[in-house]
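For the numbers below, each heavy atom of this structure counts, side chains included, while hydrogens, waters and symmetry mates do not. We count ligands from 1, going down the list as the structure has it; atoms in each ligand are counted the same way.
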Amino acid sequence: MALKAYDLTGRSALVTGAASGIGRASALLLAAAGATVHCADRDEQGLHETTALITEAGGAARPHPLDVTDRSRLAEAVAAAGRVDILAAVAGIMHRSTVLETRDEDLDRVLAVNFKGVLYACQEAARAMIAAGTPGSIVTMASGAVDAAHAGLLCYSAAKAAVVQLTRTLATELGPHSIRVNAVAPGWIRTPMTDRHDATLRHRTEAAMAGASPLGRVGEPEDIAHAVLHLASDASAFTTGQILRPNGGVLMPW
Ligand code: NAI
């Protein structure tokens with residue numbers, strides 16, 4: 001086997017959530033490894049910033065403004081891409097409410113974006129990969145929230161737990177097509193999503209997570225992008241159905 005692990009030259013990657021945070025960092029890193037990156041997000045301004053950053057760095061990127069809850073738009077993006085060798089399904093939203101305060105519309109929205117949005121992207125990308133008859137890699141974005149119970153995070157953690165089961169199930173179904181499917185379950189990462197937490201919670205959680213990590217810090221988007229790159233590339237050719245936990249070694253929930 002050739003040992004050019006992170007060379008994605010000639011590959012085409014679709015990254016959802018590419019306008020911000022982990023999705024943007026993943027798009028930049030996949031492009032730096034040589035992939036043509038199809039950047040999808042509902043935030044058009046952020047999307048164009050990401051594609052501009054990639055282009056300025058000498059990479060290849062195309063913007064696809066879309067909402068991941070709209071399956072037909074995802075299908076159009078896959079068709080426009082022409083081929084998809086790599087999918088990084090990163091788009092997601094945070095929602096906080098106790099179980100007793102949770103409204104139907106909260107649950108429906110979080111499941112629609114964080115679970116169905118990932119499901120639709122996986123379905124559309126996998127169909128294109130199977131039709132092309134080429135190997136593929138799908139990377140989904142779960143969360144450390146799947147490993148423990150956190151007050152106020154039912155909708156979010158239930159959707160992410162569903163992403164884990166989607167990942168494992170798809171890995172069994174797509175393996176015969178040489179398509180690998182893995183999830184990344186990050187710990188606390190400094191992104192616009194965590195910045196949007198109310199200040200008290202953010203400072204308390206950041207301090208607790210950094211303190212619980214043997215590395216003594218919380219994560220940066222690039223820490224997760226490297227995990228995505230590893231799972232997207234041939235370096236992980238024998239890895240499928242796995243949950244990779246880049247969380248600074250935090251073993252206990254906060
Ligand atoms: P972020 O808020 O910086 O980025 C999320 C991106 O997803 C944004 O660009 C947003 O516009 C896009 N998005 C949201 N809903 C969308 C929709 N319906 N259609 C299209 N695009 C949509 O957040 P961050 O932190 O980069 O999160 C990325 C992923 O990582 C999410 O799935 C999140 O749940 C997950 N994650 C984040 C952690 C963290 O500590 N930041 C920890 C564990 C998981």
Side-chain angles (χ1 to χ4, degrees), residues 14-29 38-51 53 63-74 76-77 87-96 108-122 124 139-148 150 153 155-164 166-167 183-197 201-202 205-206 208-210 212-213 217-225 227-228 231 243-248 250 253-254:
L14 173 62
V15 180
T16 72
S20 175
I22 293 168
R24 171 177 286 175
S26 300
L28 287 166
L29 200 56
H38 294 271
C39 299
D41 205 290
R42 65 180 175 185
D43 169 6
E44 288 201 36
Q45 171 68 29
L47 202 51
H48 287 285
E49 285 167 15
T50 301
T51 53
L53 285 169
H64 299 270
L66 57 79
D67 192 307
V68 293
T69 62
D70 185 342
R71 177 201 290 282
S72 62
R73 292 286 298 118
L74 278 165
E76 283 168 25
L87 166 68
V90 181
I93 53 171
M94 167 58 71
H95 170 78
R96 286 191 171 270
D108 290 348
R109 179 71 191 148
V110 177
L111 285 174
V113 177
N114 290 9
F115 177 58
K116 281 189 176 175
V118 178
L119 172 67
Y120 296 161
C122 288
E124 297 306 326
V139 184
T140 61
M141 202 50 59
S143 163
V146 302
D147 290 324
H150 302 288
L153 273 193
C155 296
Y156 182 81
S157 56
K160 294 297 187 181
V163 167
V164 166
L166 167 66
T167 303
V184 179
W188 182 273
I189 312 301
R190 232 181 247 141
T191 69
M193 177 184 278
T194 43
D195 284 348
R196 281 191 293 271
H197 281 294
L201 175 70
R202 185 172 74 239
T205 313
E206 268 210 15
M209 295 303 284
S213 162
R217 68 171 178 91
V218 296
E220 301 296 336
E222 293 71 24
D223 291 315
I224 308 309
V228 171
L231 293 173
I243 315 301
L244 183 57
R245 293 173 168 79
N247 59 14
V250 173
W254 67 90

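Considering only non-hydrogen atoms, atom 42 (C) of ligand 1 lies nearest to Gly187 out of Gly117, Gly187, Ser143. The closest heavy-atom contact to atom 28 (C) of ligand 1, among the options Val113, Val90, Asp195, comes from Val90. Looking at Pro186, Ala88, Ala18 and measuring to atom 43 (C) of ligand 1, the nearest heavy atom belongs to Pro186. Compare Arg42, Arg196, Arg24 by their heavy atoms: the one nearest to atom 15 (N) of ligand 1 is in Arg42.
Looking at ligand 1, you'll find an N or O of Val68 within less than 3.5 Å of one of its N or O atoms. For the pair Ile189 and ligand 1, the shortest N or O to N or O distance falls below 3.5 Å. Considering both main-chain and side-chain atoms, Thr69 never comes within under 3.5 Å of ligand 1 through any nitrogen or oxygen pair. Taking only nitrogen or oxygen atoms, main chain and side chain alike, Asp43 does not reach within less than 3.5 Å of ligand 1.
Near Gly92, with a cut-off below 4.0 Å to any heavy atom, the atoms of ligand 1 are 5 (C), 7 (O), 14 (C), 31 (C), 32 (O). The Trp188 neighbourhood of ligand 1 comprises atoms 40 (O), with distances under 4.0 Å to a heavy atom of that residue. Those atoms of ligand 1 with a heavy atom of Gly21 less than 4.0 angstrom away are 3 (O), 26 (O). Counting atoms of ligand 1 from 1 in the listed order, those under 4.0 Å from a heavy atom of Leu66 are 19 (N), 20 (C). For ligand 1 and Tyr156, the ligand atoms under 4.0 Å from any heavy atom of the residue are 33 (C), 34 (O), 35 (C), 36 (N), 43 (C), 44 (C). Interface atoms of ligand 1 facing Pro192, defined by a heavy-atom separation under 4.0 Å, are 3 (O). In summary, the atoms of ligand 1 found under 4.0 Å from a heavy atom of Ile93, numbered by their order in the structure, are 14 (C), 15 (N).
Every residue two or more places apart in sequence or in another chain that forms a side-chain contact (heavy atoms from CB on, under 4.5 Å) with Leu29 is listed here: Ala225, His226, Leu229.
For the pair Leu87/Cys122, a side-chain contact is recorded, criterion being any heavy-atom separation below 4.5 Å from C-beta on.
The nearest heavy-atom contact from the protein to atom 1 (P) of ligand 1 is Ser20 OG, 3.6 Å. With hydrogens left out, the protein atom closest to atom 27 (O) of ligand 1 is Met193 CE, 3.9 Å, a heavy atom. Among protein heavy atoms, the minimum distance from atom 11 (O) of ligand 1 is reached at Asp41 OD1, 2.6 Å. In this structure, atom 24 (P) of ligand 1 lies nearest to the protein heavy atom Thr191 OG1, 3.5 Å. From the protein, the heavy atom lying nearest to atom 18 (N) of ligand 1 is Asp67 OD1, 2.9 Å. The protein non-hydrogen atom at the shortest distance from atom 26 (O) of ligand 1 is Ile22 N, 2.8 Å.
Sorted by first and then second residue, the pairs that involve residues 40-50 and meet salt bridge (Lys or Arg N to Asp or Glu O under 4.0 Å), not counting sequence neighbours, are Arg24-Glu49.
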